[in-house]
Amino acid sequence: MKSMKTYRNISTIQAEALILLQSLIYGFGDPISKIAFEVTPVYAMMTARYLIAFAFSLAIYHRRIIRTVRTVPVKSWLIPGVCISMYYVLNNVALALTDAASVAFLRSLSIVITPAFAYLIYHTGYRWQHITLQMLVLPGMYLLCAKGGLSGFGAGEVISVIAAFMSAGALVFSKRYLDEVDPASMTCLMAGCSAVIALAGSMMFESGIHLETTTPRAWGIILYLALMCTFLGYLLQNLALMKISDRSVALIQSLCPVMTAAFSFLLLGEALSPAGIAGAGIIVVCVALASIIKS
């Protein structure tokens with residue numbers, strides 16, 4: 001319990017900064033992932049990424065994790081772990097079935113699904129100002145990601161919506177069970193769940209793990225995704241959830257596509273349209289306003 005109190009000593013501003021940092025890390029990870037996907041199968045790469053993250057976190061926090069597994073109910077880490085794992089797996093399935101713009105927009109629905117989940121499951125209320133800002137982020141996401149029009153509504157779009165529900169579930173249940181599981185243990189066990197589900201996807205859709213074509217450059221990208229996006233990204237999120245609400249985390253995470261767009265321009269030369277720039281502006285303004293409204 002002493003470690004729990006230590007985690008809660010961070011300020012609200014520090015917790016929000018952790019999610020901003022997470023968005024920055026993810027924003028850089030998205031465009032470089034496209035480079036690695038050119039030579040590495042999607043699920044094989046995900047399996048390697050999550051196994052490395054799990055092994056790394058286990059090596060650092062093994063005593064704490066063993067104690068958690070022995071003393072804490074399995075559901076306290078398994079439910080958040082499955083939710084976040086399914087989110088990433090479904091997101092990649094959706095990308096294989098439809099265009100990235102549609103996937104990016106539809107998964108952003110987690111911004112409004114998260115507070116709805118929190119209210120329905122744990123009766124967590126919040127102020128009308130937060131509702132308004134979260135609703136305003138959606139047209140910003142539409143302009144940034146869909147750039148004026150979706151490609152239709154087929155299987156890929158349905159899976160993207162399910163992924164949004166999984167993302168919301170990961171935040172809501174992590175917030176709930178971090179009272180029982182410390183952030184470091186939650187991070188490791190989430191990575192472990194992600195590795196298992198990614199491995200299952202690799203077996204089902206790619207006939208096993210095939211990394212023969214993976215270049216040294218791609219391995220460098222996988223290491224970044226494992227240590228920065230997975231290990232550090234999960235840890236930053238869990239630390240922040242110890243202090244701020246799941247809906248606040250979901251709202252600040254809406255900056256991630258903005259970061260992705262910026263790094264995509266710098267690394268891949270993918271420039272935003274005027275509609276995309278307007279959408280990014282709306283998102284930034286909404287997040288800035290939300291940060292000055294007292295919960």
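Side-chain atoms are counted along with the backbone in the values below, which use heavy atoms only and exclude waters and symmetry mates. Given the structure is predicted, the values throughout are model-derived calculations rather than measurements.
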Closest contact, heavy atoms only, Leu143 versus Gly279
CB-CA, 3.7 Å
Any sub-3.5 Å donor-acceptor pair from Lys243's side-chain atoms to Ala15's backbone N or O?
no
Once rounded to the nearest 0.5 Å, what's the spacing between atom CZ of Phe173 and atom CE of Met166?
8.5 Å
Do the side chain of Glu180 and the main chain of Val72 share a donor and acceptor less than 3.5 angstrom apart?
no
State, yes or no, whether a side-chain contact exists between Tyr87 and Phe165 at a heavy-atom distance under 4.5 Å.
no
Give a yes or no on whether the backbone of Phe37 and the side-chain of Thr40 come within a donor-acceptor separation of less than 3.5 Å.
no
Atom CE of Met259 and atom CD1 of Ile283: how far apart are they, to the nearest 0.5 Å?
11.0 Å
Please check this pair: side chain of Ser57 against backbone of Ala53, looking for a donor-acceptor N/O pair closer than 3.5 Å.
yes
Considering only heavy atoms from C-beta outward, does the side chain of Val69 approach that of Leu189 to under 4.5 Å?
yes
Joint hydrophobic cluster, Val89 plus Val196, side-chain heavy atoms closer than 4.5 Å:
no
For the student: nearest non-hydrogen atoms of Ala170 and Cys83, plus distance
N-CB, 3.6 Å
So with a 6.0 Å cut-off around OH of Tyr88, is the heavy-atom count from everything else above 12?
yes
Under a single-linkage definition using a 4.5 Å side-chain heavy-atom cutoff for Ile, Leu, Val, Met, Phe, Trp and Tyr, are Leu199 and Leu90 assigned to the same hydrophobic cluster?
yes
Spell out, as yes or no, whether a donor-acceptor pair under 3.5 Å connects the side chain of Ser254 to the backbone of Leu251.
yes
If every non-hydrogen atom of Cys188 is compared with every non-hydrogen atom of Phe54, which pair is closest and at what distance?
O-CD1, 3.2 Å
Just verifying a value: how many Å separate Leu232 CG and Leu236 CG, rounded to the nearest 0.5 Å?
4.0 Å
Give the cluster check for Ile13 versus Leu18: same hydrophobic cluster or not, with ILVMFWY residues linked at side-chain heavy-atom distances below 4.5 Å.
no
Is there a side-chain contact between Met45 and Ile222, using heavy atoms and a 4.5 Å cut-off?
yes
Same cluster or not: are Met228 and Leu255 linked, directly or through other Ile, Leu, Val, Met, Phe, Trp or Tyr residues, by side-chain heavy atoms under 4.5 angstrom apart?
yes
Donor-acceptor pair, Glu16 side chain versus Ile252 backbone, under 3.5 Å?
no
Going by heavy atoms in the side chains, are Leu24 and Leu20 under 4.5 Å from each other?
no
Pairs involving residues 216-244, ordered by first then second residue, that meet ring pair (Phe, Tyr, Trp, His ring centres under 6.0 Å) (sequence neighbours left out)
Phe28-Tyr224, Phe56-Phe231
Is Ser167 reaching over with its side chain to a backbone N or O of Ala163, donor-acceptor style, under 3.5 angstrom?
no
Please evaluate residues Val172 and Thr114 with respect to the criterion side chain to side chain contact (heavy atoms under 4.5 Å, CB included), reporting the C-alpha separation (whole Å), side-chain torsions for both, the decisive distance (0.1 Å), and the verdict.
CA-CA 7 Å; Val172 172; Thr114 298; 4.0 Å; yes
Are Ile19 and Val284 joined in one hydrophobic group, where the rule is that I, L, V, M, F, W and Y side chains link up if heavy atoms are under 4.5 Å apart?
yes
His210 to Pro41 - nearest heavy-atom pair and separation:
O-CD, 3.2 Å
Per the side chain to side chain donor-acceptor pair (under 3.5 Å) rule, what does the pair list look like for residues 183-193, sequence neighbours excluded?
Thr68-Ser185, Asp182-Ser185, Thr187-Asn238
Going from OG on Ser202 to CE on Met46, what distance comes out if it is rounded to the nearest 0.5 angstrom?
10.0 Å
Kindly check if the number of other-residue, nucleotide or ligand heavy atoms within 6.0 Å of CD1 (Ile277) is above 12?
yes
Give a yes or no on this: more than 12 heavy atoms of other residues, nucleotides or ligands lie within 6.0 Å of atom CE of Met135.
no
Can you give me the closest heavy-atom contact between Ser85 and Gly81, atom names plus distance?
OG-O, 2.5 Å
Would you say the side-chain atoms of Thr230 pair up with the backbone N or O of Leu225, donor to acceptor, closer than 3.5 Å?
yes
Which atoms form the tightest heavy-atom contact between Ser23 and Gln253, and what is the distance?
OG-CA, 3.8 Å
Check for a donor-acceptor pair, side chain of Thr215 on one end and backbone N or O of Ala218 on the other, with a separation under 3.5 Å.
yes
With sequence neighbours excluded, residues passing ring-ring contact (aromatic ring centres under 6.0 Å, His included) with Tyr43:
Phe205
Enter the distance from Thr71:OG1 to Ile66:CD1 here, rounded to the nearest 0.5 Å.
11.5 Å
Hey, is the main chain of Ala164 close enough, under 3.5 Å, to the side chain of Ser110 for a donor-acceptor pair?
no
Decide side chain to side chain contact (heavy atoms under 4.5 Å, CB included) for Leu51 and Thr47; before the verdict, give the C-alpha distance in whole Å, the side-chain angles of both, and the deciding distance to 0.1 Å.
CA-CA 6 Å; Leu51 282 175; Thr47 302; 3.8 Å; yes
Could you give the distance from CD1 (Ile84) to OG (Ser174), rounded to the nearest 0.5 Å?
6.0 Å
